[in-house]
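Contents: one structure, followed by commentary.
Proteins get letters first, then strands, A, B, ... in listed order; numbering begins at 1 in each.
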Number of protein chains: 2
Amino acid sequence: MQQTTAIHMLESLASGIRLDIYRLLVKHISAGLVAGDIAQQLELPATNLSFHLKNMTQAGLLSVTQQGRYQRYRANLPQMLALIGYLTEECCGGEASACLDFSSLMYCAGQQCDTPAQTISET
Amino acid sequence: MQQTTAIHMLESLASGIRLDIYRLLVKHISAGLVAGDIAQQLELPATNLSFHLKNMTQAGLLSVTQQGRYQRYRANLPQMLALIGYLTEECCGGEASACLDFSSLMYCAGQQCDTPAQTISET
DNA sequence: GCATTAATTCAAGATTTGTTGTAGTATTGA
DNA sequence: TCAATACTACAACAAATCTTGAATTAATGC
């Protein structure tokens with residue numbers, strides 16, 4: 001990963017609204033959400049949401065597919081994994097796995113999930 | 001992790017200089033580096049480096065220990081892991097490990113490494 | 001064709017951020 | 001005590017970012 005790519009991703013995520021958008025889309029990793037749904041769930045004006053969605057898409061955080069007049073957004077998890085790899089590169093002199101401990105974390109990565117995430121329960 | 005904490009970490013990392021600092025300190029995960037060494041390796045004026053180190057420390061990305069008149073900085077990897085957990089929370093409806101694939105990544109996490117990283121070879 | 005809905009683009013103002021130079025604090029060693 | 005070193009704090013200007021409202025494009029259904 002290039003440095004500029006990482007910066008764009010981090011800049012994009014470093015905003016309360018965009019962080020909410022990203023985390024919401026991670027919860028709906030397989031199906032994604034259309035812009036209107038996101039606007040409704042996060043109570044954002046369409047104009048402002050559109051600004052942030054464009055920002056995140058250009059940063060590579062999200063992918064978009066058009067469905068008629070709807071735009072369906074999804075979190076780009078492989079790209080997030082690449083960012084994490086960039087951030088932790090060359091740790092322990094290249095022997096990264098030497099001090100790895102992810103057991104207590106709740107992740108979801110690799111390719112898209114095959115198990116659809118339909119249960120929405122954000123407080 | 002609170003949202004404000006995550007934002008501060010991401011804001012802090014979303015800068016070319018601070019990203020370089022962080023990655024450099026990840027390479028020296030166990031021993032860390034004093035401010036002067038960082039300034040020398042990244043060719044930064046002391047004033048500017050100090051500004052960024054303070055920013056990163058306040059964001060929780062780095063830890064500092066005083067050694068005489070030197071300040072030794074280290075990357076706070078557990079905090080980075082917490083951030084990653086926050087970003088990927090509730091993926092796949094809570095069944096995060098269902099679609100996990102970290103095999104191709106180079107990580108270093110958990111507590112500090114026990115194997116010192118002395119080999120410095122940034123191009 | 002025409003009205004409606006979904007989403008984006010554009011311009012403008014307020015806020016925030018980054019860099020630099022100067023000054024200041026604190027530790028070291030003679 | 002004095003000078004040198006390591007690092008930090010402050011002020012100020014230039015640059016980038018966020019939000020909002022009005023206008024625009026595109027797809028749908030009658």
Please report the distance, rounded to the nearest Å, between CG in B:Leu13 and P in C:dT17. 15 Å
Closest to the side chain of B:Ala46, out of D:dT8, C:dT20, C:dA7, is D:dT8
Separation of atom CD in A:Glu11 from atom P in C:dT16, rounded to whole Å: 17 Å
What's the closest nucleotide to the A:Arg69 side chain, out of D:dT28, C:dG18, C:dT8? D:dT28
Mark yes or no for whether A:Arg18, through its side chain, and A:Ser12, through its backbone, hold a donor-acceptor pair below 3.5 Å. yes
Between its two end axes (five pairs each) the helix from C:dG1-D:dC30 to C:dA30-D:dT1 turns, nearest 10 degrees, through 30°
For B:Leu49, which contact category applies under a 4.0 Å heavy-atom criterion: base, sugar-phosphate, or nothing? nothing
With the side chain of A:Asn55 defined as its heavy atoms from C-beta on, choose the nearest nucleotide among C:dT20, D:dC18, D:dA6. D:dC18
Nucleotide C:dT16, atom C1' - distance to CD1 of B:Ile7 in whole Å: 14 Å
Return the nearest nucleotide to the side chain of B:Leu53; candidates are C:dT9, D:dT8, C:dT20. D:dT8
When you measure from the side chain of A:His52, which nucleotide among D:dT19, D:dA27, C:dT19 comes out closest? D:dT19
Which part of the nucleic acid, if any, lies within reach of A:Arg18 when heavy atoms closer than 4.0 Å are counted: base, sugar-phosphate only, or nothing? sugar-phosphate
Between A:Tyr73 and C:dA6, is there a side-chain N or O to OP1/OP2 distance below 4.0 Å? no
Heavy atoms of A:Tyr22 and A:Leu61 approach each other most closely as CE1-O, 3.8 Å
Could you state the atom-to-atom distance from CZ of B:Phe51 to C1' of C:dT20 in whole Å? 11 Å
